[in-house]
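Written below as C-alpha cells is the structure these notes are about.
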4 protein chains.
Amino acid sequence: MNARRRSADRTETIMQTALDLALEVGYAKLSMEAIAGRAGVGKDTIYRRWPSKGLLFLDSLLSLNQRALDYPDTGDVLADLRQQIHAAVDLLATPPWGPLYRALVGEAQHNPAVAAGLNDRFIQPQADKTVARLRAAQTKGQVSPDFDLELAMAVLSGPLYFQLLITQEPLTHEYVNRILDALFAGLDPRPRP
Amino acid sequence: MNARRRSADRTETIMQTALDLALEVGYAKLSMEAIAGRAGVGKDTIYRRWPSKGLLFLDSLLSLNQRALDYPDTGDVLADLRQQIHAAVDLLATPPWGPLYRALVGEAQHNPAVAAGLNDRFIQPQADKTVARLRAAQTKGQVSPDFDLELAMAVLSGPLYFQLLITQEPLTHEYVNRILDALFAGLDPRPRP
Amino acid sequence: MNARRRSADRTETIMQTALDLALEVGYAKLSMEAIAGRAGVGKDTIYRRWPSKGLLFLDSLLSLNQRALDYPDTGDVLADLRQQIHAAVDLLATPPWGPLYRALVGEAQHNPAVAAGLNDRFIQPQADKTVARLRAAQTKGQVSPDFDLELAMAVLSGPLYFQLLITQEPLTHEYVNRILDALFAGLDPRPRP
Amino acid sequence: MNARRRSADRTETIMQTALDLALEVGYAKLSMEAIAGRAGVGKDTIYRRWPSKGLLFLDSLLSLNQRALDYPDTGDVLADLRQQIHAAVDLLATPPWGPLYRALVGEAQHNPAVAAGLNDRFIQPQADKTVARLRAAQTKGQVSPDFDLELAMAVLSGPLYFQLLITQEPLTHEYVNRILDALFAGLDPRPRP
DNA sequence: TTTTAACCGAGACGGTACGTCAAGTCTTGAG
DNA sequence: CTCAAGACTTGACGTACCGTCTCGGTTAAAA
C-alpha cells in the first residue's frame with residue numbers, strides 16, 4: 001500500500017517535471033533524459049508508466065490541468081455557452097497553456113496513440129458536454145428541434161481551432177462572441193427582400 | 001545559366017525526393033540523411049537551400065503540389081464554393097496528401113518558421129481567395145452587404161480543419177454540404193414561432 | 001561486477017579494433033565511425049572512454065603491445081644495451097609497428113595530449129630504464145663516474161628516431177652497433193698524434 | 001611574361017597566406033578554404049600548384065624561410081659547427097617556427113610525399129652541408145681520417161630532433177654544447193685506468 | 001525478525017540522426 | 001585561357017537522445 005502510494009507520488013512527480021520542463025524549453029526540446037534527470041528518477045521508471053514522450057506529455061497536460069470545463073446550466077443557453085467558451089479561451093491565452101496545447105495537437109498529427117488519447121480524454125468529452133448542453137436547451141424548446149447539434153458544435157469549435165492552430169492570431173472574447181452571435185442570431189447571408 | 005539550371009534541377013530533385021520519402025516512411029521518420037542519400041546529394045547542398053527539415057518539407061509539399069485551388073466564378077456563389085471546397089477535400093482524401101498535410105500542420109505547431117511559411121504561402125492566399133469570391137458575390141448583391149465575410153470564411157474552414165486535425169474523421173462531400181447549407185440557408189437555431 | 005567486466009571487455013574490443021583498422025587502412029584514414037561500426041559499438045561508447053582519436057590510438061598501441069622492453073642485466077653493459085636496442089629495432093621493423101609508431105609520433109606533433117601521454121607512458125619509462133641500466137654499470141665501476149648518462153641516452157636514442165622519423169631509412173642492427181661502438185669505444189675525432 | 005609574373009606573384013601570395021594562417025591557428029586547423037579565401041584566390045588556383053595541403057605547407061615553410069643555414073669555414077671546425085647549430089636552434093626557438101616545423105615533420109609521418117619533399121629539400125641538403133664541413137676539416141687533418149662523418153652528423157642531429165619531437169623540452173645552446181663537446185672531446189665512458 | 005522479491009536511481013549500451021566542416025572536383029562568367 | 005567564386009559530393013566529426021538493459025541498493029511483505 002505504501003509502495004503503491006510512493007509509486008503514485010512518483011507518477012505525479014514525473015508528470016509535474018515534464019510539464020515544468022516543457023514550460024521552460026518547449027515541447028520540441030523536451031527530452032526523456034532531461035525529465036528523468038530533473039525528476040530524480042531512472043528512465044525506466046518513466047518508460048514503465050508511459051510508452052512514449054507524447055503520451056507522457058498528454059497525460060501531464062490533461063491530468064495536471066483538470067480545470068472543470070463543465071457547462072453551467074443557468075437556463076440561458078447562449079449565456080452558458082458564452083461563459084464556458086470564454087473560460088476555455090482564457091485558459092489558452094494564459095501563457096504556457098496555449099503553446100503547450102498547440103504542441104500536443106501537433107504531436108497528435110504524427111503519433112496516432114496521442115491522437116487517440118487526446119480525442120478520448122479531452123476532445124470527445126468536451127464535445128459531448130457541448131452537445132449535451134445544446135440538447136438540454138432543445139428539450140426545453142429553447143432551440144429548434146431540427147437544429148443540427150453536432151454541426152453547431154463543429155461550427156463553434158472549428159473556427160477557434162483554426163485560429164489557434166493555423167493562423168495563430170490571438171483568441172479573443174470578441175471573436176468568440178462573433179461566432180456565437182452568428183450561430184444564434186443566424187448568419188443568413190441572403191439579401192433581404 | 002547552365003549552373004543555375006543545374007542548381008534548379010537539384011532543388012527540384014531534393015524536394016521530389018523528400019516528398020517520395022515522406023510518402024514511404026511518413027514525415028516523422030523522414031531524415032535529412034535519407035533524403036540526401038536517396039537524392040544523391042550532400043547534406044550541405046540541402047542545408048544551403050533550407051535551414052530545417054520542416055521548411056524543406058513545407059516547400060516540397062507546396063511547390064510540387066501546385067494544384068490550382070482557384071475559385072471559379074460561374075455567377076452562382078454557393079455552387080462555386082461547393083466545387084472549390086469539394087476539390088480541396090478530395091485532395092486531402094487522396095491517400096498521401098491528407099497525412100502529409102496533417103504532418104505539416106503538426107510541424108508548424110513547434111516550428112514558428114514553418115507556421116509562418118504555411119500561413120504566408122498557403123493559408124492566407126486560400127483565405128483571401130475565398131473572401132474575394134464572397135466579396136464578388138456581395139458586390140453583385142447576391143449576398144447581404146452586412147454579411148461578415150471573414151467570419152464566413154472561418155466558419156467554412158474551421159470545421160474542416162477540426163475534423164482533419166482533431167477528430168480525424170474522414171472528410172466527405174456530405175459534411176461539406178452540411179456546412180455550406182447551414183451557412184447559406186442560415187443556421188438559425190431559434191425556435192420557429 | 002558483471003557490468004564492470006563487460007565494460008572492460010568492451011574497452012579491449014575497441015582498442016583491438018582500432019589497431020586492426022589502423023593496420024588495414026593506416027592511421028590517417030582511421031575513423032571513429034569505422035571503429036565503432038567494426039567493433040559493434042556506439043560512438044558514445046568510445047567517446048566515453050577516450051576524448052579523441054589520438055588518445056584512443058595511443059592507448060591501443062601501448063596497451064596491446066605491452067612487450068617487455070626491459071633491460072637484462074648480465075653484467076655486460078654494452079651487451080645488455082645492444083640486446084635491448086636490437087629488440088626495439090626489431091619491433092619497429094616488424095611490419096605494422098614501424099608505420100603505426102611513426103603515425104603516433106606524428107599525431108603527437110599536433111596534439112599535446114597525445115604528446116604528453118606518449119611521453120609519460122612510453123618515452124620516459126624507456127629512457128629511465130636505459131639510464132638506470134647505465135647507472136648500475138657506473139656503480140659497479142664499469143663506466144666512468146663523470147660519464148653523462150642522460151646525454152648518453154640521448155645519443156643512443158636520437159639517431160634512431162632521426163632515422164625512423166626523418167630520413168626513414170631502415171633501422172638495422174648494424175646501424176645500432178655503429179652507434180653503440182662509437183659511444184663506448186669513444187668517438188674521438190681528434191687526429192692521433 | 002606578364003602572365004607568368006602575375007602567376008608567380010600569386011604563388012608567393014598563397015604561400016605567404018598559408019604561413020600567416022598557420023601562425024594564427026596552427027597547422028592542424030589550417031584549411032585550404034581559409035587560405036583561398038584570405039588570399040583572394042580560387043581553390044583551384046591552389047590545387048593547380050600543389051596537390052595537397054601538406055605540400056603547400058612544406059613549400060611555404062621552406063620557401064619563405066630561406067635563411068642561409070650555411071656553414072661558415074673559419075678554419076675552426078668546432079666553432080663553425082657550434083655557430084651553425086646554435087643558429088638552427090635559435091630559429092626553432094623563435095616562436096612560430098618550432099611548432100610549425102614540428103607540425104611539418106608530423107605531417108610527413110602520414111604523408112609520404114611530404115616526407116620525401118622534406119628530405120629532399122631540407123634534411124638531406126643540411127646533412128650534406130654538415131658532412132661537407134666535416135670532410136673539409138678531415139682533409140685539412142683537423143679530424144682523424146677514420147672518423148665516421150655520417151655517424152657524426154647523426155649523433156649531432158639525432159638528440160636535437162629527439163628533444164624537439166619527442167620529449168619537447170626546450171632546445172638550448174647549453175644542450176648543443178654538451179653534445180658538441182661530447183662528440184669532440186670524446187664521450188669515452190671507459191673507466192680511466 | 002529475517003528473508004525475499006519487486007522496484008528503484010543511475011547510467012552504460014547500440015543506434016540513428018543531427019548540423020558542421022573541410023577535402024578535392026567541377027562549373028560559370030568576367031576579363 | 002585563366003581566374004575568383006563558390007556549388008557540389010563525400011565522408012567524418014562530436015553531440016544528443018532514443019529505448020533497452022544491467023547493476024547495486026533500498027524497502028515492504030511474506031515467512
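In what follows, every chain begins at residue 1, and chains take the letters A, B, ... in the order their sequences are listed.
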**Message:** Looking only at side-chain N and O atoms, does C:T45 offer a donor or acceptor that is under 3.5 Å from a partner on C:R10?
**Reply:** no
**Asked** F:dC21 base to A:D44 side chain: any donor-acceptor pair below 3.5 Å?
**Response** yes
**Request:** Look at the rings of B:H110 and A:H110 and say which category their plane angle falls in: under 30° parallel, 30 to 60° tilted, over 60° perpendicular.
**Result:** tilted
**Request:** Would you kindly give the CG-to-P distance between A:D9 and F:dA28, to the nearest whole Å?
**Result:** 13 Å
**Message:** From CH2 of D:W50 over to P of E:dG24, roughly how many Å is that when rounded to an integer?
**Reply:** 14 Å
**Request:** Give, for atom CG of B:L19 and atom CH2 of B:W97, the distance between the pair rounded to the nearest 0.5 Å.
**Result:** 4.5 Å
**Asked** Distance check: side-chain N/O of D:R48 vs OP1/OP2 of E:dC26, anything under 4.0 Å?
**Response** no
**Message:** Using whole Å, what does the distance between atom C1' of nucleotide F:dT10 and atom CD of B:E33 come to?
**Reply:** 13 Å
**Item:** Closest-nucleotide 5' rank along DNA chain E - winner of C:K43 and D:P51
**Value:** C:K43
**Rounded distance (Å) that lies between atom P of E:dA12 and atom CE of A:M32** = 19 Å
**Prompt:** When you measure from the side chain of B:S31, which nucleotide among E:dA22, F:dT9, E:dA17 comes out closest?
**Reply:** E:dA17
**Request:** Considering just the side-chain nitrogens and oxygens of C:T45, establish if one lies under 4.0 Å of OP1 or OP2 belonging to E:dA12.
**Result:** no
**Asked** What is the distance from CD1 of D:I46 to P of F:dC3, rounded to the nearest Å?
**Response** 12 Å
**Prompt:** So, is C:R10 close to the E:dG14 phosphate, meaning a side-chain N or O under 4.0 Å from OP1 or OP2?
**Reply:** yes
**Request:** Let me know the distance between NZ of A:K53 and P of F:dG19, rounded to the nearest Å.
**Result:** 9 Å
**Item:** Distance, rounded to the nearest Å, where A:I14 contributes CD1 and E:dA10 contributes P
**Value:** 12 Å
**Asked** Counting side-chain heavy atoms from CB outward, which of E:dA23, F:dG19, E:dC18 is closest to A:Y47?
**Response** F:dG19
**Fill in**
Closest to the 5' end of DNA chain F, once A:L30 and D:G40 are matched to their nearest nucleotides, is D:G40
**Message:** If you assign B:A34 and C:A36 each to the DNA chain E nucleotide with the nearest heavy atom, which residue ends up on the more 5' nucleotide?
**Reply:** C:A36
**Message:** Using whole Å, what does the distance between atom C1' of nucleotide F:dG6 and atom CZ of B:R49 come to?
**Reply:** 12 Å
**Straight-line distance of A:L165 CG to B:I166 CD1, nearest 0.5 Å** = 5.5 Å
**Request:** Step by step, work out the side-chain contact (heavy atoms from CB on, under 4.5 Å) result for B:F57 and B:E107.
**Result:** CA-CA 10 Å; B:F57 184 59; B:E107 181 65 22; 5.9 Å; no
